[in-house]
Each structure stands twice: as C-alpha cells, then as structure tokens.
Asker: 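My structure is below; once you've seen it, I'll send some questions.
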2 protein chains.
Amino acid sequence: MPTAAAQLEKPRRDSRLGLVLDAAARRFRAQGFDGASMREIAGDAGMKAGSLYYHFESKTDLFIAVHDEGIRRISSAVENAIETAPDPWQRLENAMAAHLDVLLAGGDYARVVIRELPAGNPDMRDNLVRLRDRYESIFRVLIDALPVDGATTRRQLRMMVMGALNWTPTWYRPNGDTPAEIATGFLQLIRKGIDQT
Amino acid sequence: MPTAAAQLEKPRRDSRLGLVLDAAARRFRAQGFDGASMREIAGDAGMKAGSLYYHFESKTDLFIAVHDEGIRRISSAVENAIETAPDPWQRLENAMAAHLDVLLAGGDYARVVIRELPAGNPDMRDNLVRLRDRYESIFRVLIDALPVDGATTRRQLRMMVMGALNWTPTWYRPNGDTPAEIATGFLQLIRKGIDQT
DNA sequence: GTCTATAGCAAGATAGAC
DNA sequence: GTCTATCTTGCTATAGAC
C-alpha cells in the first residue's frame, strides 16, 4: 500500500503547469530560492526560461505557488491522520507521523516550506510565515488537549516537538528508521522521559 | 556580568580582517550564501568589493572562514560549560545552555554554522558537514554518559535534542525565556516526561 | 591594503514571431 | 503556450594605479 505521502507526490503528467511546479519544488528544495535559477527550472520541466513567464509573473510568484502547495499537502496529510483517533496522545503521535512522512518520504514541496525563507522580500516573507504559523497551530491545538498542567510546559513542548520534527531532514536516511518509527520514538521520550534512576 | 557569548562576539576593532569577517557573518546569516553579495559585505566593512580579494581568494573561502570561526566559538563555549560539572545530567544541561547562548544571544557566526549549507560546491559542503558532525559529537559523548539503556533511545534522544536546540532561532524572541531557561525546560521534558496521568 | 575600472558572465524579465 | 532573441542588471573576480 502506498503511503499517504506517495499519493500526494504522484506527478500530474497531464498538465505542463504541474511539471513546472514539480521542477521548481525540486530546485528550491535543493538549492534554495537564490540558488535556483529560472533557466534550470525551465530546463527540468522541458521548456525554455521565457516560457515560465506565461505561467508565473515572477520567480517570487513561482516560489509562493510552490510554498502554498507545500502547505496544502502537509496540512491535509496531518488533518487526515488525526481525524479518527480519539485519544489525545494518539492524535499527537499520528500528526507527528504524518508530518514526518510528508517531509521525509514525500519530499520537495513540504521541504520548501520548512527551509529558511528568502530574505529579500519582507512582504512575501511575512505572508509565508503567517501561513506556516497557521499550519503549526494544528499542533498547538493537539498539545493543548494533552492532560498536562502549565502553559509554559505546553509552549516549550510545542517548540521542542516542532524543532525535533523539522530538523529530521538534516540527518534522516531512507534505510534507517521509518518516519512512523521516528514519531513513535520522539513521542515516547516526550511522554515518559528517559530518566530511569 | 557579560555572558560568555557576549565576550565571544566582541568586535575586534583592531583588525580590518575582523571587520570583514563580522560583516560576512552578518550577511551570510541573514541572507544565506547565495543571497549575500561581496559588494554588500565589503560595504558593511567599509571597503570596496575588490579589496576583499586581498584577504580571501573567493567568496567560498570567505564563507569557510566564517564557518570555521563559528565552529570554534560554539565548541569552546560548550566545552567550557561542561568542564567543571560532574553529574551527567548537569553536564548535558550546561552544554545545551551554552549552545543556546551562543546561538541566540551570541549570534551571527554560530548561526551560519546551523543554516542549510550552500549546495553549489559538494567538496566544500562535505568538509563543512564533517566539521559540524565533529562538533555534535560533543553531545554524543554527553548523551552516552547518561544512565539510560538502549542505543536506539540514545540516538533518538540526540536527534531530538539537536533538533530542538537548532530550531530555536526560528521562534526565539529576546524578551521571552532566556537561553538558560529554555535549556532547563527542554532538559526537564526529556528527563522526566510530561505524562502526569 | 585599498582603490578604480572593468572583464566576463549569469541572472530575471520582456517582446514578438510562430 | 512555447520559442528565440535580447535588454538590463547584478554578480564574482582580476589588473594595475596608488
């Protein structure tokens, strides 16, 4: 059975615009906004640089489109994953697993969202940060629902969880633990702690 | 009393080369390798672009110099912090606090190390990754010394800790918790867990 | 050591043919 | 919709005066 992430990543061969977005996501993920060039992206999508400007007004617009799609994919994956689970701890674990699955097995689009945003255009930057914050509020709700006391603890926990999750691309290797196993491991550590003395 | 980080960040007004490195660190941190230009860096340091090439052969060389200095600063801060503490948990907490202090209060150099590395030059990239791994091995040793069983748990713990720490720059605000408080909070969560049921 | 001047090139973006 | 051709700008890097 294909994972949720694999479904989401299936290239849409029907539309040229889909090819362009896929190519842009790959390049932006690997090289960042400044490092990727419109010529490279166009080449990967089987066109010339000028043709891109029929679909997008600017490189910035193309980046925003990729970012939006990344938010859309990871949001819907996480929301699907928590839909049925009733237990608060199980819901958090499912959300973490879905987030990691899209990020590690799914790929390019979501990792553009996680990457440090381009610094050049402050207006765009603020908009993208707002979108990312809205996505992260899913986790805020899940963590607020945990049977724990202390707002400080909740905030620190949320920051620790997001950090642990979003740092995984720097060390993850496909032949190691699966995204689901990593999520389970992280949750265990957070929930029970490791001090056995 | 100035923090350790503040000491390390004191600009060395005596040497022009120090000014260049400081300016490069600021720009590379804020804009990344591709986003920062030699003209901007030179301007910040009070010179013209061409003059930089008296000090450094290339932009890549300049980046490597900043990166090396960043590794040097954060390594020595962490090593100083764990020097005297005997208890393994205390040693880890001290290391986390020092790491965060340099990263959040100290600034530019260390954050260049944490940032996603430039993708253009694979050879340089491998070298810098190796340096970063060597630094992180300090934490590996500290975590191996904890009274915990299971190599898997240790590995996951290390990844969770590094992720939580290195993600802090995306949400840290100077008027919130101090680096030391964040370190204490994270360590408590990891050590004891939060499930009170 | 820093300057001016510029070579050499790659980037984002546009115009108009097809 | 995509192409070719090109404009303009900005970049890294070099050469040589001071």
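Chain A is the first sequence line, chain B the second, and so forth, proteins listed ahead of strands; every chain is numbered from 1. This is a predicted model, so every value here is computed, not measured.
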Asker: Is it the case that the side chains of B:N166 and B:H99 hold a donor-acceptor pair, with the cut-off being a distance below 3.5 Å and no angle test?
Answerer: yes
Asker: By the 4.0 Å heavy-atom rule, please label A:A36 as base, sugar-phosphate, or nothing.
Answerer: sugar-phosphate
Asker: Of the options A:I114, A:D101, A:V102, which is the one that meets A:I74 in a side chain to side chain contact (heavy atoms under 4.5 Å, CB included)?
Answerer: A:V102
Asker: Check the distance between C:dA11's P and A:L52's CG and give it to me in whole angstrom.
Answerer: 13 Å
Asker: Whether B:D108 and B:R29 form a salt bridge (side-chain N of Lys/Arg under 4.0 Å from carboxylate O of Asp/Glu) is what I want to check.
Answerer: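 Result for this pair is yes, salt bridge flagged.
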Asker: Tell me, which pairs form a salt bridge (charged side-chain N to carboxylate O under 4.0 Å, His left out) where one or both residues lie in residues 160-189 of chain A, sequence neighbours left out?
Answerer: none
Asker: Any ion pair linking A:E69 and A:R73 (charged N to carboxylate O, less than 4.0 Å)?
Answerer: yes
Asker: Assign each of A:R39 and A:G46 to its nearest nucleotide of DNA chain D by heavy atoms, then name whichever residue's nucleotide is nearer the 5' end.
Answerer: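 Final value for this comparison: A:G46.
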Asker: Whole Å only: how far is the CD atom of A:E40 from the P atom of C:dA11?
Answerer: 6 Å
Asker: Does A:A42 reach a base, just sugar-phosphate, or nothing at all? Heavy atoms under 4.0 Å.
Answerer: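 A:A42: no heavy atom of the nucleic acid under 4.0 Å.
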Asker: Give the rounded distance in Å between these two atoms: OH of B:Y53 and P of C:dT6.
Answerer: 18 Å
Asker: Please report the distance, rounded to the nearest Å, between CE in B:M47 and P in C:dA5.
Answerer: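 It is 19 Å, rounded to the nearest whole Å.
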Asker: Nearest whole Å is fine: how far is C:dA13 P from A:K48 NZ?
Answerer: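 These atoms are roughly 19 Å apart.
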Asker: Quick check on side chain to side chain contact (heavy atoms under 4.5 Å, CB included): which of B:R158, B:E136, B:M162, B:R155 does A:W171 satisfy it with?
Answerer: B:R155
Asker: Which is the 5'-most and which the 3'-most nucleotide of DNA chain D that has an atom under 4.0 Å from a heavy atom of chain B?
Answerer: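 Nucleotide range with atoms under 4.0 Å of chain B: D:dC11 to D:dT14.
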Asker: Check the distance between C:dA11's C1' and A:D34's CG and give it to me in whole angstrom.
Answerer: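 A:D34 atom CG is separated from C:dA11 atom C1' by 11 Å.
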